Amino acid sequence: MNINHLLKNIDHNAIHGATDREVSNLTYDSRQVVSGSCFFAIEGVVADGHNYIESAVAKGATAVVCRRLPQSLNTEQTTYIVVDDTDKAMALMAANFYGNPSKKLTVVGVTGTNGKTTIATLLYDLVRLMGHKAGLISTVVYKIDNEQIESTHTTPDSIRLNAMLAQMVERGCDYCFMECSSHAIVQRRIYGINFKGALFTNLTHDHLDYHKTFAEYIRAKKSLFDSLPKSAFALVNADDRNGEVMLQNTKASRHTLSLQKMADFRAKVIEMMVEGIELRIDDREVWVQFLGRFNAYNLLTVYGAAVLLGFDKEEVLAHLSMLRPVSGRFETVVAKDGTTAIVDFAHTPDALENIIRTINELRQAGQRLIIVCGCGGDRDKTKRPVMGGMASEKADIAIFTSDNPRTEDPEQILREMEAGVEAGNKYLKITDRHEAIKTAVMLAEPRDIILLAGKGHEDYQIIGSEKLPFNDKAVVKEWLEKFN
């Protein structure tokens with residue numbers, strides 16, 4: 001694409017070099033630059049792309065987009081474009097490069113602390129059940145119609161995102177359902193995306209290692225709704241006190257959902273059993289194969305979003321009962337002796353509390369709860385004592401273990417979890433996650449419940465800089481079979 005076309009509707013401060021040159025690809029990684037590349041000098045958390053401009057030019061970059069010019073310019077080969085915000089420019093130029101694909105799709109963003117993956121995935125499944133092609137951008141997997149692509153981030157960078165949206169258009173997709181993480185919003189990864197709707201689930205303490213304060217975390221989520229056009233809709237959980245905050249400045253049409261109060265979309269849990277939940281949604285009863293009050297919120301959000309997208313209410317309700325839980329979200333493995341292992345991604349205090357509450361609603365007399373959990377390294381430290389305190393208080397047996405310690409000392413993470421344990425509450429510390437799961441199975445008596453919290457769908461564990469194969473479901477299944 002010609003640089004002039006790439007710069008359509010892009011604000012810039014200065015251009016040094018010709019603008020009629022052709023760009024063959026976009027990248028912010030200098031290692032991926034080839035002849036014809038447009039290189040974006042992004043100021044990241046770890047590295048500053050401005051330090052790699054000369055390397056990119058040496059590799060044949062046709063264009064460089066930056067906030068600061070290098071000392072020497074090679075304008076005979078490369079065009080230097082100076083902007084105020086490189087992240088924003090990259091997002092808009094990526095949209096131009098790929099033909100503004102979000103304008104050719106119905107894109108719905110999902111944000112909040114918990115429930116994003118489930119809601120986005122179930123919306124994808126729902127519209128496909130109703131005969132439409134769709135795409136999915138989620139923590140677990142990216143999907144272009146029925147093709148699965150490994151997920152690297154909850155929300156990918158703006159170049160990859162627009163490339164996938166363009167593939168969705170090419171494959172004939174009508175919809176794209178996308179998780180919008182707070183990191184992605186702040187880093188402009190979704191800037192310029194044409195959203196038809198945005199959904200808010202809930203907000204609890206998370207990612208304060210990045211956002212520093214809860215106010216900044218709220219502001220990040222809210223900015224998605226602030227940027228919506230009048231033609232879009234905003235649907236929020238009114239039972240979360242931050243739901244109304246999300247709607248304060250939006251231009252979009254405003255809609256609410258609730259299990260507790262008057263709202264545009266309402267639901268009530270009629271009965272909850274091991275097999276599922278009977279719900280009343282907008283005065284219609286529906287049976288769903290999901291467990292937990294939190295999933296009642298997730299399914300109500302899916303229902304409300306589908307109705308706002310123009311689908312018939314009765315048809316949506318009929319298909320809700322056909323949906324199945326998402327991988328690693330309250331996934332169960334049942335042994336011959338009745339011992340049940342539950343694998344869930346719950347990695348925040350609120351998510352863990354929701355899972356425990358659901359289990360307690362289903363537990364029968366004599367069934368003990370064994371919780372195996374940890375906290376990720378290089379992430380929000382404030383939740384570690386809260387998670388440790390909650391697990392040791394609510395479980396009959398609590399086992400603290402590693403959960404992607406990354407570059408931190410796993411023992412130090414466990415000590416920080418211990419700090420939240422109240423006197424008298426008992427727990428075990430087993431740093432090796434495989435041994436922790438094995439121990440939980442050994443300690444379990446027939447019909448006990450083992451909750452493996454924190455990793456859910458993940459099939460790896462990050463220790464140091466290594467990403468090692470590890471799967472909670474596979475490990476617990478192996479030991480349940482050996483001890484039965």
Side-chain angles (χ1 to χ4, degrees), residues 8-11 84-85 87-96 99-113 115-116 119-120 123 127 135 137 155 158 161-162 165 169 174-203 211 214-258 261-266 297 300-311:
K8 185 178 180 182
N9 299 321
I10 308 295
D11 291 331
D84 287 329
D85 188 326
D87 289 306
K88 184 189 294 187
M90 185 170 79
L92 296 176
M93 291 170 76
N96 285 342
N100 291 288
S102 69
K103 294 182 179 179
K104 302 167 187 174
L105 291 163
T106 297
V107 183
V108 177
V110 188
T111 197
T113 304
K116 298 188 298 296
I119 290 168
L123 279 166
V127 299
I137 306 292
T155 316
S158 57
L161 175 58
N162 277 278
L165 292 176
V169 172
D174 302 309
Y175 298 90
C176 174
F177 301 102
M178 180 193 311
E179 286 189 59
C180 299
S181 69
S182 55
H183 291 71
I185 295 169
V186 170
Q187 294 170 8
R188 312 281 194 177
R189 295 184 218 163
I190 60 171
Y191 190 84
I193 297 296
N194 185 53
F195 285 101
K196 174 64 177 175
L199 314 176
F200 170 74
T201 62
N202 50 65
L203 212 61
H211 297 289
F214 192 57
E216 285 300 319
Y217 183 44
I218 293 172
R219 192 172 293 115
K221 299 291 189 182
K222 183 176 180 297
S223 65
L224 170 62
F225 294 87
D226 292 348
S227 66
L228 292 174
K230 287 183 179 180
S231 57
F233 65 82
L235 174 61
V236 303
N237 176 5
D239 293 340
D240 186 289
R241 62 182 180 178
N242 292 295
E244 289 298 328
V245 175
M246 298 297 135
L247 298 179
Q248 284 175 353
N249 304 108
T250 189
K251 301 182 186 71
S253 61
R254 305 175 183 193
H255 306 270
T256 57
L257 63 92
S258 174
K261 62 183 78 169
M262 292 300 296
D264 298 307
F265 299 99
R266 297 189 66 195
Y297 278 106
L300 180 59
T301 306
V302 169
Y303 168 79
V307 171
L308 291 171
L309 286 171
F311 290 99

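Numbering starts at 1 and runs along the sequence shown. Predicted model, so just to flag it, every value in this text is computed and none were measured.
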Would a 4.5 Å heavy-atom cut-off, applied to side chains only, mark [X] and [Y] as touching?
{"X": "Val108", "Y": "Leu199", "answer": "yes"}
{"X": "Val107", "Y": "Asn194", "answer": "no"}
{"X": "Val245", "Y": "Ile218", "answer": "yes"}
{"X": "Phe195", "Y": "Met178", "answer": "yes"}
{"X": "Asn100", "Y": "Asn162", "answer": "no"}
{"X": "Leu309", "Y": "Tyr175", "answer": "yes"}
{"X": "Asp85", "Y": "Tyr191", "answer": "no"}

Reported [atom1]-to-[atom2] distance for the pair [X] and [Y], which is rounded to 0.5 angstrom:
{"X": "Ile119", "Y": "Thr301", "atom1": "CD1", "atom2": "OG1", "answer": "4.0 Å"}
{"X": "Thr201", "Y": "Tyr297", "atom1": "OG1", "atom2": "OH", "answer": "11.5 Å"}
{"X": "Thr106", "Y": "Asp174", "atom1": "OG1", "atom2": "CG", "answer": "7.0 Å"}
{"X": "Gln187", "Y": "Ser158", "atom1": "CD", "atom2": "OG", "answer": "10.5 Å"}

Sequence-distant partners of [X], side-chain contact (heavy atoms from CB on, under 4.5 Å), two or more places apart:
{"X": "Val307", "answer": "Phe265, Tyr303, Lys313"}
{"X": "Asp240", "answer": "Phe200, Asn202, Leu203, Asn237, Asn242"}
{"X": "Lys230", "answer": "Lys251"}
{"X": "Asp226", "answer": "Lys222, Asn249"}

Between [X] and [Y], which heavy-atom pair has the shortest distance, and what is it?
{"X": "Ser181", "Y": "Arg189", "answer": "OG-NH1, 4.4 Å"}
{"X": "Ile190", "Y": "Leu161", "answer": "CG2-CD2, 4.1 Å"}
{"X": "Gly192", "Y": "Ser102", "answer": "O-OG, 4.1 Å"}
{"X": "Ile185", "Y": "Ser223", "answer": "CG2-OG, 2.9 Å"}
{"X": "Val236", "Y": "Gly243", "answer": "CG2-O, 3.5 Å"}
{"X": "Cys180", "Y": "Gly109", "answer": "SG-CA, 3.8 Å"}

**Asked** Between the side chain of Lys8 and the main-chain N/O of Asn96, is any donor-acceptor distance below 3.5 Å?
**Response**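 Absent.
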**Item:** Residue that, paired with Leu235, satisfies side chain to side chain contact (heavy atoms under 4.5 Å, CB included) out of Leu257, Val110, Leu247, Leu300
**Value:**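 By the side chain to side chain contact (heavy atoms under 4.5 Å, CB included) criterion, Leu235 pairs with just one of Leu257, Val110, Leu247, Leu300: Leu257.
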**Message:** Exactly one of Gln248, Arg254, Met246 should register a side chain to side chain contact (heavy atoms under 4.5 Å, CB included) with Phe225. Which one does?
**Reply:**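 With Phe225 as partner, Gln248, Arg254, Met246 yield a single side chain to side chain contact (heavy atoms under 4.5 Å, CB included), made by Met246.
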**Verdict with supporting geometry, Thr111 and Lys221, side-chain hydrogen bond (donor to acceptor under 3.5 Å, both in side chains)** = CA-CA 7 Å; Thr111 197; Lys221 299 291 189 182; 3.2 Å; yes
**Asked** Residues two or more places apart in sequence or in another chain: which of them pass salt bridge (charged side-chain N to carboxylate O under 4.0 Å, His left out) with Arg266?
**Response**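 With neighbours one apart ignored, the set is empty.
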**Partner residues of Asp264 under the salt bridge (charged side-chain N to carboxylate O under 4.0 Å, His left out) criterion, sequence neighbours left out** =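 Checked Asp264 against salt bridge (charged side-chain N to carboxylate O under 4.0 Å, His left out); zero matches.
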**Heavy atoms from other residues, nucleotides or ligands near CG of Asp11 exceed 12 (cutoff 6.0 Å)** =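 Atom CG in Asp11 is not crowded, with 12 or fewer foreign heavy atoms closer than 6.0 Å.
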**Asked** Any side-chain donor paired with an acceptor under 3.5 Å for Tyr217 and Thr113?
**Response**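 Judged by distance alone, the side chains do pair up.
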